[in-house]
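Contents: one structure, followed by commentary.
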Amino acid sequence: GESVGLHLPTLSVQEGDNSIINCAYSNSASDYFIWYKQESGKGPQFIIDIRSNMDKRQGQRVTVLLNKTVKHLSLQIAATQPGDSAVYFCAEIRDDKLIFGTGTRLQVFP
Amino acid sequence: NAGVMQNPRHLVRRRGQEARLRCSPMKGHSHVYWYRQLPEEGLKFMVYLQKENIIDESGMPKERFSAEFPKEGPSILRIQQVVRGDSAAYFCASSPRVRGDAQYFGPGTRLLVL
């Protein structure tokens, strides 16, 4: 079936390095994606979104890239900090509801 | 501007009891969504409501689960005769409109069924 999924379950990076979290989707009609950050015991926190008419969008220390040809998007975090440690989900809005992948756990080491 | 509020944050119930979870959307938001999350998994859509209307309940179990969003007051997710498999984190999200709007989440209610 159609899905929004992630390539890697865990990503470990050193503090100060850049992090790249990947996400693949299978529905070519998907047109709106959101990245969420979820810390332990908390609700998902909106990070950044992107629509299908864009290839790239930047926020504060974060960049989302969308490649519609291969149905892939990524979240780049610059100068990763310990506070970035969390599970990151990409989600697609489809039929008025969010479809989540299983998440990537980002671990930041000093 | 307060965010999405949920209460209680933690709820313990014995099998067969009822669980009531409450959600107050962000100010100005009239669309509410409920999601369930099992440990180490992503969130799964349950139901989408507007004031006094259920728009999409395709993710709700057919029995024991119900949701409402009255004209006044918070949205309520009700689980009757809880079973151990209902233990999960339940998150509420809200958005100001439907099409093309991000959803913002509350802190969740963690339900534990003994």
Side-chain angles (χ1 to χ4, degrees), chain A residues 1-10 21-25 27 29-54 57 59 62 64 73 75 86-107, chain B residues 2-10 21 23-26 29-50 53-60 67 88-112:
Chain A
E2 296 178 326
S3 65
V4 178
L6 299 173
H7 292 304
L8 298 173
T10 303
I21 301 171
N22 296 304
C23 181
Y25 63 96
N27 183 359
S30 301
D31 60 4
Y32 184 37
F33 301 90
I34 304 174
W35 281 100
Y36 287 94
K37 171 187 179 184
Q38 187 176 27
E39 297 174 273
S40 180
K42 296 184 179 180
Q45 176 189 353
F46 175 94
I47 300 174
I48 192 168
D49 59 358
I50 189 167
R51 301 182 189 277
S52 60
N53 61 350
M54 305 171 70
R57 192 162 188 224
V62 295
V64 55
L73 68 161
L75 177 70
V87 177
Y88 290 80
F89 294 96
C90 67
E92 167 197 10
I93 288 187
R94 191 193 308 171
D95 297 330
D96 307 327
K97 50 183 164 279
L98 287 167
I99 310 297
F100 282 84
T102 52
T104 293
R105 183 178 302 280
L106 177 64
Q107 297 177 328
Chain B
V4 177
M5 301 178 69
Q6 289 187 251
N7 67 82
R9 294 291 305 277
H10 299 273
L21 288 61
C23 169
S24 296
M26 289 179 68
H29 288 194
S30 57
H31 300 261
V32 166
Y33 311 80
W34 285 93
Y35 294 82
R36 176 165 61 179
Q37 185 178 35
L38 296 174
E40 300 298 308
E41 293 189 10
L43 284 73
K44 297 290 195 295
F45 169 81
M46 299 181 73
V47 61
Y48 158 42
L49 311 101
Q50 295 180 34
N53 287 301
I54 296 175
I55 307 302
D56 182 348
E57 57 181 348
S58 59
M60 287 276 272
Y90 293 83
F91 291 97
C92 170
S94 72
S95 70
R97 297 185 304 270
V98 175
R99 297 293 172 180
D101 271 355
Q103 297 176 19
Y104 298 88
F105 284 85
T109 293
R110 278 137 189 92
L111 173 64
L112 175 62

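Chain A is the first sequence line, chain B the second, and so forth, proteins listed ahead of strands; every chain is numbered from 1.
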Side chain to side chain contact (heavy atoms under 4.5 Å, CB included) between A/Leu98 and B/Tyr35, worked out: CA-CA 9 Å; A/Leu98 287 167; B/Tyr35 294 82; 3.3 Å; yes

Quick one: CG on A/Asp95 to CG on B/Asp56, what's the gap to the nearest 0.5 Å? 7.5 Å

Should we say atom CE of B/Met5 is surrounded by more than 12 heavy atoms from elsewhere, each under 6.0 Å from it? no

B/Leu43 side chain near A/Gln38 side chain, heavy-atom distance below 4.5 Å: yes

Taking every non-hydrogen pair under 4.5 Å, which of B/Arg9, B/Gln6, B/Gln103, B/Lys44 racks up the most with chain A? B/Gln103

Does any heavy atom of chain B fall under 4.5 Å from the side chain of A/Lys42, the backbone, both, or neither of them? backbone

Tell me, for A/Ile34 versus chain B, whether the close heavy atoms (under 4.5 Å) come from the side chain, the backbone, both or neither. side chain

Restricting to non-hydrogen atoms, name the atom on A/Tyr32 and the atom on B/Ala102 that form the minimum distance, rounded to 0.1 Å. OH-N, 3.5 Å

Over 60° means perpendicular and under 30° means parallel, so tell me whether B/Phe105 and A/Phe100 are parallel, tilted or perpendicular. perpendicular

Quick one: are B/Gln37 and A/Pro44 in side-chain contact, heavy atoms under 4.5 Å? no

From CA spacing to verdict: side chain to side chain contact (heavy atoms under 4.5 Å, CB included), A/Arg94, B/Phe45: CA-CA 11 Å; A/Arg94 191 193 308 171; B/Phe45 169 81; over 6 Å; no

